[in-house]
S.K.: 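First the structure, which I've put down as structure tokens, then a few questions once you've had a look.
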Amino acid sequence: MGGSHSREDVDLTSSDEEEEFEDDYDARSPIAEAAASAGQRDDDLLRTATPSSLEAIDAKLRSLDLKYQRPTAAKLYLHVGGASPSARWVPAERRATYAFVDQSSDDASSPRWFLEVGPGPRVSAPVDSALQLKTIPAQRRADFAASGSVWALRLPTDAELRRFRVEYERCLFENTYGVEATDEGRKEVFGADFAAWARPAEADDTVWADAEESLTPPAAAPGKDLLKEFEEEAGDGDSIQSLALGALDNSFLVGGAGIQVVKNFRHGLHGKGASVKISGGRGGSGSAYSTPKKALLMRGETNMLLMSPGEALHSNGVHHVDVETGKVVAEWRFEKDGADITMRDIANDSKGAQLEPSGSTFLGLDDNRLCRWDMLDARGRVQTIGSSSDSPVLNWSQGHQFSRGTNFQCFASTGDGSIVVGSVDGKIRLYSKSSMRMAKTAFPGLGSPITHVDVTYDGKWILGTTDTYLILICTIFKDKDGKEKTGFSGRMGNRIAAPRLLKLTPLDSVLAGTDNKFHGGQFSWVTENGKQEKHLVATVGKFSVIWNFQQVKDSNHECYRDQQGLKSCYCYKVVLKDESIVDSRFMHEKFATSDSPEAPLVVATPMKVSSFSIANRR
């Protein structure tokens with residue numbers, strides 16, 4: 001387990017080195033030349049720069065033929081020792097130069113801009129989110145990850161650091177969207193309604209201050225707040241592939257050969273129960289069972305649907321398991337208008353739907369389909385299953401098949417049944433509970449595919465997962481009559497706040513392991529009005545990473561000081577395991593105790609499931 005701050009934030013140089021470094025700095029840098037022509041110091045020019053004046057500076061640099069190209073003196077440090085007690089920063093180049101280099105090619109899919117640090121170049125990497133670049137203004141420093149290592153670039157002046165950041169943001173925008181980072185380019189990407197996303201510095205942050213006043217902002221707490229680990233081995237040597245957490249008596253570990261039942265306690269998951277072995281199709285159908293991609297609890301957690309991935313991670317049906325008897329009672333087929341179709345994902349009708357004792361419907365998602373399936377037939381009767389080899393057909397009860405281009409990838413539902421959908425192009429769409437045909441709100445992408453999405457019970461906050469960061473979006477707005485609504489129930493227009501990003505530090509992104517992509521970002525779990533989610537959790541490599549929700553929303557939080565662009569939060573706690581983590585989720589809020597502000601966190605690796613309590617240090 002670890003805390004939110006690491007060795008990478010320690011100061012890099014002594015005061016003597018600072019003096020030597022300042023003497024080496026070429027005062028006539030490109031930004032200094034542009035400043036001189038404007039009759040200002042370079043430091044003043046960038047300190048007071050507005051978006052329009054930055055574009056004027058950029059125009060001046062263009063006229064000097066220096067845009068992003070002239071190398072600038074700096075110092076380069078390399079982090080060695082990983083997470084060991086002897087880990088430290090060592091000088092790599094005492095007279096390093098950096099430049100943002102245009103490497104345009106005929107291949108449109110190749111990035112245009114690269115960050116090169118020389119001499120050599122010692123480092124050359126495309127300017128994208130995989131750099132995990134983080135600036136530390138107090139040390140005039142930019143940390144980043146490249147080629148499996150962590151580097152720190154120390155700039156000679158505050159103005160040079162700001163210049164570096166401006167150039168980085170421009171190159172990142174142009175690499176991500178393929179258009180120039182101008183007002184016209186930003187409007188083309190984000191549209192008029194999302195000006196706050198295009199110009200975060202000018203955005204109205206008051207919506208983030210809406211902040212649940214019933215919750216006291218937490219004091220900073222050390223990483224050891226994660227306590228009382230309970231471990232349970234996977235049964236019968238079968239590796240865990242996914243979790244299906246219950247809010248009642250049991251939860252379920254889904255593996256290659258079947259399902260292991262475990263008991264829910266206030267300290268976490270403990271004790272092995274019945275094991276449901278699934279080896280093939282029911283009733284001699286011969287349908288092969290493969291490790292489920294998704295396990296969905298239904299009907300008061302007495303039934304479970306298992307969806308196994310087929311070709312290209314799409315499935316043409318689900319196995320229906322009776323949890324109480326431990327038997328597969330049906331293999332349902334997805335069918336529309338007499339033709340078999342596939343689904344990419346399934347989900348409950350709402351956040352609390354798995355607790356409803358008589359529910360027969362669930363949601364389905366494919367690349368260009370969003371629908372609701374019903375296990376009752378079209379006349380509302382339970383379909384006869386018997387012992388026939390024919391699989392029963394699910395009834396398409398509601399939905400829409402889009403002609404093309406949506407590229408849906410993941411979805412989730414709110415407490416009232418509204419739906420949020422994430423796409424390969426990074427867009428996040430909000431659908432009301434009454435219509436799946438037209439999104440009420442569509443948030444633009446930030447250049448990375450949304451691989452997982454979650455939403456709070458009240459629908460006010462959305463958490464999207466990408467490979468390199470999480471994106472937190474507020475859906476609250478006020479209509480023309482001043483009434484508070486969410487983007488699920490009405491069109492937000494231009495009253496949309498800028499999102500916030502949740503990231504790993506460059507060092508942690510490397511320490512997380514080779515499989516260092518975020519997956520499965522989730523809010524803590526509540527299923528009734530008036531209860532508020534308290535934490536967010538995501539998995540990356542060997543890390544389970546936890547953010548305090550209230551802290552992320554606090555605009556005065558220390559992480560956001562002196563940041564440019566979209567605000568990014570780096571304050572988190574880490575649960576570290578010895579192998580890659582399969583999934584991390586909080587148990588239902590009913591399992592919270594008086595000693596803990598949150599229900600236990602469950603962390604599953606292929607051969608073990610662990611539960612952690614979070615101590616209350618207030």
S.K.: Is the shortest side-chain heavy-atom distance between Pro200 and Lys567 below 4.5 Å?
M.R.: no
S.K.: So, Ser397 versus Asn395: side-chain donor-acceptor pair below 3.5 Å or not?
M.R.: no
S.K.: Do Leu463 and Ile471 have side chains that get closer than 4.5 Å, going by heavy atoms?
M.R.: no
S.K.: Tell me yes or no: between the side chains of Glu533 and Thr456, is some donor less than 3.5 Å from an acceptor?
M.R.: no
S.K.: Can you name the nearest heavy-atom pair linking Gly521 to His452, along with the distance?
M.R.: O-ND1, 3.2 Å
S.K.: Mind checking ring-ring contact (aromatic ring centres under 6.0 Å, His included) for Phe173 and listing every partner two or more places apart, or none if nothing turns up?
M.R.: Tyr177
S.K.: When rounded to the nearest 0.5 angstrom, what is the spacing between OG in Ser129 and NZ in Lys503?
M.R.: 7.5 Å
S.K.: Can any side-chain N or O of Thr414 pair as donor or acceptor with the backbone N or O of Ser418 at less than 3.5 Å?
M.R.: yes
S.K.: Keeping the roles fixed (side chain from Asn348, backbone from Ser350), state whether a donor-acceptor pair exists under 3.5 Å.
M.R.: no
S.K.: Looking at Asp367, is its backbone amide N or carbonyl O close enough to the side chain of Gln409 to form a donor-acceptor pair, meaning the two atoms are under 3.5 Å apart?
M.R.: no
S.K.: Are any non-hydrogen side-chain atoms of Leu363 and Met436 less than 4.5 angstrom apart?
M.R.: yes
S.K.: Can you give me the closest heavy-atom contact between Asn264 and Ser251, atom names plus distance?
M.R.: OD1-OG, 2.7 Å
S.K.: After noting the C-alpha distance and the side-chain angles of Val254 and Leu243, does the key distance pass the side-chain contact (heavy atoms from CB on, under 4.5 Å) rule?
M.R.: CA-CA 6 Å; Val254 182; Leu243 290 173; over 6 Å; no
S.K.: So do Leu306 and Ile259 actually touch side chain to side chain, heavy atoms under 4.5 Å?
M.R.: yes
S.K.: Counting only N and O atoms by type, is there a donor-acceptor contact under 3.5 Å from the side chain of Ser611 to the main-chain atoms of Gly268?
M.R.: no
S.K.: Show, in sequence, the C-alpha distance, side-chain angles and deciding distance for Ile419 and Phe488, and conclude whether the side-chain contact (heavy atoms from CB on, under 4.5 Å) test is met.
M.R.: CA-CA 8 Å; Ile419 305 166; Phe488 290 100; 5.7 Å; no
S.K.: Given side chains that start at C-beta, do those of Thr302 and Asp322 come closer than 4.5 Å, heavy atoms only?
M.R.: no
S.K.: How long is the span from the CG atom in Leu536 to the CG atom in Leu502, to the nearest 0.5 Å?
M.R.: 6.0 Å
S.K.: Is it true that Ser610 and Lys577 share a donor-acceptor pair across their side chains at a distance under 3.5 Å?
M.R.: yes
S.K.: Any carboxylate oxygen within less than 4.0 angstrom of a Lys/Arg side-chain nitrogen, looking at Asp583 and Arg585?
M.R.: yes
S.K.: So, are Lys187 and Glu180 salt-bridged, with charged N and O less than 4.0 Å apart?
M.R.: no
S.K.: Is it the case that Asn368 and Thr406 place a side-chain donor and acceptor less than 3.5 Å from each other?
M.R.: yes
S.K.: Between Leu245 and Gln354, which heavy-atom pair has the shortest distance, and what is it?
M.R.: O-NE2, 3.4 Å
S.K.: Among all residues two or more places apart in sequence or in another chain, which pass the salt bridge (Lys or Arg N to Asp or Glu O under 4.0 Å) test with Lys485?
M.R.: Asp479
S.K.: Using the test ring-ring contact (aromatic ring centres under 6.0 Å, His included), find all partners of Phe523 that sit at least two apart in sequence or belong to another chain.
M.R.: Phe549
S.K.: Grab the two heavy atoms, one from Ile546 and one from Val537, that are nearest each other, plus how far apart they are.
M.R.: CG1-CG2, 4.0 Å
S.K.: Are Glu528 and Lys531 ion-paired here, with the side-chain N under 4.0 Å from a carboxylate O?
M.R.: yes
S.K.: If you measure from CZ on Phe362 to CG on Leu296, what distance do you get to the nearest 0.5 Å?
M.R.: 7.5 Å
S.K.: Compare all side-chain heavy atoms of Leu446 with those of Phe190 and state whether any distance is below 4.5 angstrom.
M.R.: yes
S.K.: Can you tell me how far apart CD (Glu335) and CD1 (Ile341) are? Round to the nearest 0.5 Å.
M.R.: 8.5 Å
S.K.: Tell me the closest heavy-atom pair linking Asn175 and Val127, and the distance in Å.
M.R.: ND2-O, 3.0 Å
S.K.: Can you see whether Thr465 engages His519 through a side-chain donor-acceptor pair at a distance of less than 3.5 angstrom?
M.R.: no
S.K.: Going by atom types alone, do His588 and Trp525 pair a side-chain donor with an acceptor below 3.5 Å?
M.R.: no
S.K.: What's the verdict on side-chain contact (heavy atoms from CB on, under 4.5 Å) for Val329 and Val321, showing C-alpha distance, side-chain angles and the deciding distance?
M.R.: CA-CA 6 Å; Val329 297; Val321 177; over 6 Å; no
S.K.: Once rounded to the nearest 0.5 Å, what's the spacing between atom NZ of Lys336 and atom CG of Asp366?
M.R.: 12.5 Å
S.K.: Hey, could you give me the CG/CD distance between Leu269 and Gln260, rounded to the nearest 0.5 Å?
M.R.: 11.5 Å
S.K.: Can you tell me if Lys294 uses its side chain to pair, donor with acceptor, with the backbone of Ile346 under 3.5 Å?
M.R.: yes
S.K.: With no hydrogens and no angle check, do the side chains of Ser584 and Thr539 hold a donor and an acceptor under 3.5 Å apart?
M.R.: yes
S.K.: Measuring only between side-chain heavy atoms, which start at C-beta, is Leu601 closer than 4.5 Å to Val575?
M.R.: yes
S.K.: Are the side chain of Ser489 and the backbone N or O of Thr486 linked by a donor-acceptor pair below 3.5 Å?
M.R.: yes
S.K.: Give a yes-or-no answer on whether the side chains of Ser423 and Arg429 include a donor-acceptor pair shorter than 3.5 Å.
M.R.: yes
S.K.: Give a yes or no on whether a salt bridge exists between Asp340 and Arg333, defined as a side-chain N under 4.0 angstrom from a carboxylate O.
M.R.: yes
S.K.: Given Asp349, which of Lys433, Arg372, Arg299 fulfils the salt bridge (charged side-chain N to carboxylate O under 4.0 Å, His left out) condition?
M.R.: Arg372
S.K.: Show the numbers, then the answer: is there a side-chain contact (heavy atoms from CB on, under 4.5 Å) between Leu470 and Phe518?
M.R.: CA-CA 8 Å; Leu470 307 183; Phe518 275 116; 4.1 Å; yes
S.K.: Any pair with a residue in residues 400-436 that passes ring pair (Phe, Tyr, Trp, His ring centres under 6.0 Å), sequence neighbours left out, goes on the list, sorted by first then second residue, please.
M.R.: His400-Phe402, Phe402-Phe408
S.K.: Any Lys/Arg nitrogen of Lys542 or Glu579 sitting under 4.0 Å from an Asp/Glu carboxylate oxygen of the other?
M.R.: no
S.K.: Please give me the minimum heavy-atom distance between Ser413 and Lys351, naming the atom from each residue.
M.R.: O-CG, 3.3 Å
S.K.: So Ile496 and Phe477, do their side chains get closer than 4.5 Å, heavy atoms only?
M.R.: no
S.K.: Between Glu174 and Thr176, is any side-chain donor less than 3.5 angstrom from a side-chain acceptor?
M.R.: no
S.K.: Return the set of residues passing salt bridge (Lys or Arg N to Asp or Glu O under 4.0 Å) with Asp425 (not counting sequence neighbours), or none when no residue passes.
M.R.: none
S.K.: Verify the ring-centre separation between Tyr572 and Trp547: is it less than 6.0 angstrom?
M.R.: yes
S.K.: Can you name the ring-ring contact (aromatic ring centres under 6.0 Å, His included) partners of Trp197, sequence neighbours left out?
M.R.: Phe194, Phe443
S.K.: Establish, from distance only, whether the side-chain atoms of Thr361 and Asp374 form a donor-acceptor pair under 3.5 Å.
M.R.: no
S.K.: Taking everything shown except Lys590 itself, do over 12 heavy atoms lie less than 6.0 Å from its NZ?
M.R.: yes
S.K.: Does the Arg437 side chain pair with the main chain of Gly399, one donor and one acceptor, at a distance under 3.5 Å?
M.R.: no
